[in-house]
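A note on names: the letters A, B, ... follow the listed sequences, proteins ahead of strands, and every chain is numbered from 1. Note that the structure is a prediction, hence the values are computed from the model and not measured.
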Amino acid sequence: MSDHRIRITLDEVLERRGMTLTELAVRIDISLVNLSILKTGKARAIRFSTLTRICEVLDCQPGDLLTYDGP
Amino acid sequence: MAKKPKVVDALSPLDAITSAFAIVMIALMSLGVVAVVFGGSSMGIGEESVCVDANFSSGDEPTADDRALAREAFDLEKGVTVQQPDTVICQADPSLAQSTLDTLSIAPSFVVFLGFLLLTRRIIRHARRTSLFSAALAQIIERAGWLLLLGLLAAAVVEFLADGLLKASMSSMSWVNGSFSVSVAGIIGAYGIITVGRVMLHAASLQADSDATI
């Protein structure tokens, strides 16, 4: 069970940009498996370098990708 | 076409050495069993006579006459003293109990050593199959350390008791004592293995965090 309330909203941003997960994986040079783990919220942490590359490609802010779900 | 980088399996040589060693040990044990079946002896089993080293206790040091006799026998130079040499006492026609005690005064250390060797092989195989840093592997390593530590102590106690009982069955003299000897290097090694297992357990959680970081 997850010990945090941070939700990844990558799929929403991707939808707004009209980009697929596979395309993003190629453009930021990360395996589709790892990106899928991130999208489904199964990752324990995200590197600043990964976040930077995603934000560069999707032209967004880190806050657009992460949401805090309150209790 | 780019040449594929060669993947080095660091544990492969260790696996080969440990396996070969275990096979040799098991082969020797099997040969021992065959020897016993065909009238030979192994680890005290099937011996025609049972012999033990009899140690002098501190209160029964050799007398001046004993020393003088030994000096004459060994033709010693002036100033050279004689320490009590080991005395070996043998029972030419041992009973079943004496033969069993003889085996018990030798075999436990061998069994612990063989068990540890097989467990080491299992650890190496597990590490090759899964990951070098996993909680399961760390726990197996710690367990191997405890097995070695407690096994060595238990083997030493069993051998001490068996040795003492065997000597007591062969002589009622007070100078005949069981000899307690435990491998200090083995105990230190076991403590080291337990420590490595504990450290690896913490490293495994860090590795899991690292693996789950995107």
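- Within 6.0 Å of OH in Tyr68(A) there are more than 12 heavy atoms belonging to other residues, nucleotides or ligands.
- Heavy-atom proximity under 4.5 angstrom to chain B picks out nothing from residues 8-26 of chain A.
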Polar pairs (donor with acceptor) under 3.5 Å from chain A to chain B:
unit_1   : atom_1 : unit_2    : atom_2 : d
Arg44(A) : N      : Ala212(B) : O      : 2.9
Arg44(A) : NH1    : Asp209(B) : OD1    : 2.3
Ala45(A) : O      : Ile214(B) : N      : 2.9
Arg47(A) : N      : Ile214(B) : O      : 2.8
Arg47(A) : NH1    : Thr213(B) : O      : 3.4
Thr50(A) : OG1    : Ile214(B) : O      : 3.2

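- Note: Ile37(A) CD1 to Ile214(B) CD1 = 5.0 Å, rounded to the nearest 0.5 Å.
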